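All values below were derived from every heavy atom in this structure, side-chain atoms included, with hydrogens, water molecules and symmetry-related copies excluded. Note that the structure is a prediction, hence the values are computed from the model and not measured. Starting from 1, each residue takes its place in the sequence as its number. Atoms within a ligand are numbered from 1 in the order they appear, just like the ligands themselves.
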Amino acid sequence: MNGLPLFPVEASTVAHRTDILTLFLVLLAGAFFALVMAAMLFFVVRYRRRSPDEIPPQIAGSTKLELTWTIIPTFLALVAFFWAAKIYADETQPPPNAIDVSVVARQWMWKVQHTEGQEEIDEMHVPVGRPVKLTMTSQDVIHSFYVPDFRIKQDVLPGRYTTTWFEATSPGSYRLECSEYCGTNHSHMLGRIIVMTPADYANWLSTGATQSPASQGARLLQQFGCVSCHRDDSLRRAPPLENLYSQPVRLAGGGTAIADENYIRESILNPAAKVVEGWEPIMPTFEGKINEQQILDLIAYIKSIGPEQPGRGLQNPILPAVFTPAAIASSAPSGSPEPTPTPFFTLEPLPGGGSTPVAPSTPTPGVTPAAALTPGGGVTP
Ligand code: CUA
């Protein structure tokens, strides 16, 4: 890593696999280059024109030769494809025990928010040896979250969430770069990922925490008046939020949607886009009234009252009692009884065409289809 950073350190679990694949591709391309160049030089010399009026004999094609140079490269290309696809698939699926961290990019900084409440600018503290799942969005233009030493790169887009994950393998400080041109100071949109030992990390977590995103979200739920409709009594005018996260939701007009981060975000900003079956589309849009950080906080809250997931207890600190759904409901202006957890309903195909078919039966309160429980919540079609 001295001087020319031709071989950056391998500091994450995918780094070595990515490097081996890259090496394979470089050597393969190099071997073919050498082969083609050598054959060309050989033919240039061997079949050069020896006299001005020489007429060479005609040579017909060779089926054997053509089959050889078709089948072997095809096979090699398929090897590279499946090898890369495997790595890509693994890099796309965060392990269930991943720590959740949210990232909001803007011109020209990275804002990082931890589940425990820590907020950071252009820095991200993470423990070594634990997978970290990033949920990212942009407040303005397209940015790209790139950590060369981890071999991860993911575009960060306005208007939707993208995710990626990594597991750092050794403590240290690693460069975070924006790798999508995003305006004048794009090249200064840099940060650091600080990988700490578990002990140091625990120590770090115990300092500087403000409010956890989930508890901020609980507060916003009151502030924006969400609780006046999303309640659990006879005055309820909107579907419940409990046990919603990561579940399939049945939509008016047929179809289903998975209540992941993108779905919740869309339902806040454009409630009419996917109306839950059995409910009136009465919710106003919150576009322009709520910022990206607040949406992330609301999602964190909805996650915290969502169905149990493996590893969940590790990432979500217990909310103070005042933020439980019951406490929130009862502190709502009109006061309301304790909500009963009910699963959600659904929507139609997500952007990109994927949708999760749900049996066309009546939604059964309290029952959540097991298939929809994707650990970590990254339900991406
Ligand atoms: Cu942000 Cu380039």
* Kindly indicate, with the supporting measurements, whether the criterion ring-ring contact (aromatic ring centres under 6.0 Å, His included) is fulfilled by His230 and Trp279. => CA-CA 11 Å; His230 290 280; Trp279 298 93; 8.3 Å; no
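- Between Ala15 and Arg151 the shortest heavy-atom distance is CA-CG, 3.4 Å.
- Take the N/O/S atoms of His143: the one nearest atom 1 (Cu) of ligand 1 is ND1.
- Within the coordination shell of atom 1 (Cu) of ligand 1, defined by N, O or S atoms under 2.8 Å, His186 is absent.
- Considering atom 2 (Cu) of ligand 1 as centre, the angle to SG of Cys178 and to O of Glu180 is 90° (10° rounding).
- Between Lys111 and Glu120 no salt bridge is recorded (no basic side-chain N to carboxylate O distance below 4.0 Å).
- A salt bridge is absent between Glu167 and Arg130; no separation between the charged side-chain nitrogens and carboxylate oxygens falls under 4.0 Å.
- At least one N/O/S atom of Met189, from backbone or side chain, sits under 2.8 Å from atom 1 (Cu) of ligand 1.
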